Trainee: 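Right, I'll just put the structure down here and ask away after.
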Amino acid sequence: MQNISVLEKKDEIETNSIPEIYNLKLNLETSITQADNKIEKSTIKINNANFTSDKGSGFSISGTILKEAGDPYSFGELKLIINNYITFLDSYKKDVTNALTIENESSTISKDEQNQYVQISNSLFETAQRLIAKNPETTENKGVIAISRQKNTPDYTINGESLFGIIQNLISSK
């Protein structure tokens, strides 16, 4: 069993001329089970991975990922917790929309195509917000996304909703 622990000191990062201090902490545990000189099972456990700023924004990840010889895909669950997730999504959505607008001014993309890309972007952010709201651990200040796959099942789920279904809904909403 191997334990890896990383703790980086806080560094000042300038964003829009407002310095923020970020802290990254990761505790990762791995194990491999062998039989007849073949790897039968490997496990990665993320005990704590935090990326936070001094203003309370950031995210953390925890969970366990397993891989067995007879199953071609990994299974288990990862949980992503986003602090101040509504502000984070709104800010990121604004940045994407601004990037699409700036790109349009310097390229051959038509206004109709730009509007279509903005609609797709809006749909993605609405889907993300809806999925985050489905998790019972989500609060006003903390958004929780649980990504999981059960052993020998064909699909991953995000907060209990099929990833295949999410993608199909996004494609059909265009």
Side-chain angles (χ1 to χ4, degrees), residues 1-8 22-53 57-86 88-93 95-97 99-100 103 113 116-139 142-174:
M1 186 172 291
Q2 178 182 11
N3 289 314
I4 301 170
S5 182
V6 177
L7 179 61
E8 292 185 4
Y22 290 90
N23 182 40
L24 173 64
K25 182 178 180 182
L26 173 64
N27 294 320
L28 184 67
E29 180 181 302
T30 62
S31 66
I32 297 175
T33 305
Q34 292 184 321
D36 299 328
N37 294 324
K38 294 181 181 178
I39 295 176
E40 290 292 314
K41 182 178 180 182
S42 60
T43 305
I44 298 174
K45 182 169 182 158
I46 301 170
N47 298 318
N48 184 16
N50 289 311
F51 182 76
T52 55
S53 75
S57 61
F59 62 89
S60 61
I61 301 171
S62 63
T64 302
I65 303 168
L66 298 113
K67 177 74 176 92
E68 290 187 355
D71 192 345
Y73 302 104
S74 300
F75 59 97
E77 181 177 86
L78 286 178
K79 188 180 288 185
L80 173 66
I81 299 172
I82 306 168
N83 300 323
N84 300 318
Y85 79 100
I86 294 172
F88 171 80
L89 288 176
D90 288 344
S91 175
Y92 194 62
K93 180 180 174 181
D95 289 346
V96 169
T97 303
L100 288 169
E103 184 177 322
E113 289 172 318
Q116 184 180 14
Y117 294 145
V118 169
Q119 286 177 346
I120 291 168
S121 171
N122 288 338
S123 179
L124 288 170
F125 284 103
E126 288 168 11
T127 299
Q129 201 155 8
R130 180 183 57 78
L131 285 170
I132 291 170
K134 283 184 76 170
N135 193 303
E137 295 178 49
T138 292
T139 66
K142 173 183 83 170
V144 181
I145 301 170
I147 303 168
S148 64
R149 178 177 171 271
Q150 300 300 314
K151 182 178 174 181
N152 297 319
T153 60
D155 194 13
Y156 291 87
T157 61
I158 300 176
N159 287 349
E161 194 168 318
S162 159
L163 179 58
F164 179 76
I166 294 167
I167 293 168
Q168 289 298 326
N169 288 337
L170 286 170
I171 291 171
S172 66
S173 69
K174 285 202 278 184

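Only a predicted model underlies this, so the values are computations on that prediction, with no experimental measurement involved.
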Trainee: Does the distance from a Lys or Arg side-chain N to an Asp or Glu carboxylate O, for E126 and K93, drop under 4.0 Å?
Mentor: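 No, E126 and K93 are not salt-bridged.
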
Trainee: Any non-hydrogen side-chain atom of F59 less than 4.5 Å from a side-chain atom of L80?
Mentor: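 Sidechains of L80 and F59: in contact.
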
Trainee: I want to check something: taking the side chain as every heavy atom from C-beta on, are Y73 and Y156 in contact at a cut-off of under 4.5 Å?
Mentor: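 When only atoms from C-beta onward are counted, Y156 and Y73 do touch, with a gap below 4.5 Å.
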
Trainee: Between Y92 and F125, is the gap from one ring center to the other below 6.0 Å?
Mentor: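 Y92 vs F125: aromatic centres under 6.0 Å.
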
Trainee: Pick out which of T157, L78, T153 makes a side chain to side chain contact (heavy atoms under 4.5 Å, CB included) with S148.
Mentor: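 Among T157, L78, T153, the one that satisfies the side chain to side chain contact (heavy atoms under 4.5 Å, CB included) with S148 is T157.
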
Trainee: Once you round to the nearest 0.5 Å, how far does CD1 of I171 lie from CD1 of I166?
Mentor: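 Result: 12.0 Å between the selected atoms.
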
Trainee: Where do I145 and I82 come nearest, in terms of heavy atoms and distance?
Mentor: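 The answer is CD1-CD1, 4.1 Å.
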
Trainee: Do Q129 and I86 touch side chain to side chain, with heavy atoms closer than 4.5 Å?
Mentor: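 They are in side-chain contact.
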
Trainee: Check whether any side-chain heavy atom of E161 sits under 4.5 Å from a side-chain heavy atom of K134, and report yes or no.
Mentor: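 Yes; the side chains approach each other to less than 4.5 Å.
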
Trainee: Could you walk me through whether K151 and E68 pass side-chain contact (heavy atoms from CB on, under 4.5 Å), step by step?
Mentor: CA-CA 9 Å; K151 182 178 174 181; E68 290 187 355; 2.7 Å; yes

Trainee: Taking Q119's backbone N and O only, do any of them form a donor-acceptor pair with S123's side chain (distance below 3.5 Å, no angle check)?
Mentor: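 Not at all, since once roles are kept as given, no pair shorter than 3.5 Å links the two residues.
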
Trainee: Can you measure from NZ (K142) to CG (N135) and round to the nearest 0.5 angstrom?
Mentor: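 CG of N135 is found 8.5 Å from NZ of K142.
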
Trainee: Rounded to the nearest 0.5 Å, what's the gap from CZ on F164 to CG on D155? Could you check?
Mentor: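 F164 atom CZ to D155 atom CG measures 8.0 Å (nearest 0.5 Å).
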
Trainee: So which atom in T64 and which in T43 form the shortest heavy-atom distance, rounded to 0.1 Å?
Mentor: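 Nearest pair, atom of T64 first, then T43: CG2-CG2, 3.7 Å.
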
Trainee: Could you tell me whether a side-chain N or O of R149 sits under 3.5 Å from a main-chain N or O of S74, the two making a donor and an acceptor?
Mentor: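 Pair found, side chain donor or acceptor close to backbone of S74.
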
Trainee: Side-chain contact, heavy-atom cut-off 4.5 Å: Y85 with T138?
Mentor: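 The answer is yes; the side chains approach within 4.5 Å.
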
Trainee: Taking E137 first and then K79, would you say they form a salt bridge - that is, a charged N and a carboxylate O separated by under 4.0 Å?
Mentor: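 Yes.
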
Trainee: Please round to the nearest 0.5 Å and tell me the distance separating atom OG1 of T30 and atom CD1 of I32.
Mentor: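 Between atom OG1 of T30 and atom CD1 of I32 there are 6.5 Å.
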
Trainee: Quick one: closest heavy-atom pair of I132 and G143, and the distance?
Mentor: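 The pair with the smallest heavy-atom distance is CG2-CA, 3.5 Å.
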
Trainee: If you measure from CD1 on I61 to CD1 on I147, what distance do you get to the nearest 0.5 Å?
Mentor: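 Between atom CD1 of I61 and atom CD1 of I147 there are 8.5 Å.
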
Trainee: Measure the shortest side-chain to side-chain distance between K41 and K67 over non-hydrogen atoms and say whether it is less than 4.5 angstrom.
Mentor: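 A side-chain contact under 4.5 Å is absent here.
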
Trainee: I'd like to know if the side chain of N159 reaches the main chain of A146, judged simply by a donor and an acceptor atom lying under 3.5 Å from each other, with no hydrogens or angles considered.
Mentor: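 Flag set: sc N159 to bb A146 pair under 3.5 Å.
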
Trainee: Could you tell me whether Q150 atom CD has more than 12 heavy atoms of other residues or ligands within 6.0 Å of it?
Mentor: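 Atom CD in Q150 is not crowded, with 12 or fewer foreign heavy atoms closer than 6.0 Å.
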
Trainee: Measuring only between side-chain heavy atoms, which start at C-beta, is T127 closer than 4.5 Å to L170?
Mentor: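 They are in contact (side-chain heavy atoms under 4.5 Å apart), so the answer is yes.
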
Trainee: Rounded to the nearest 0.5 Å, how far does CD1 of I44 lie from CD1 of I46?
Mentor: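 Going from the CD1 atom of I46 to the CD1 atom of I44 covers 7.0 Å.
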
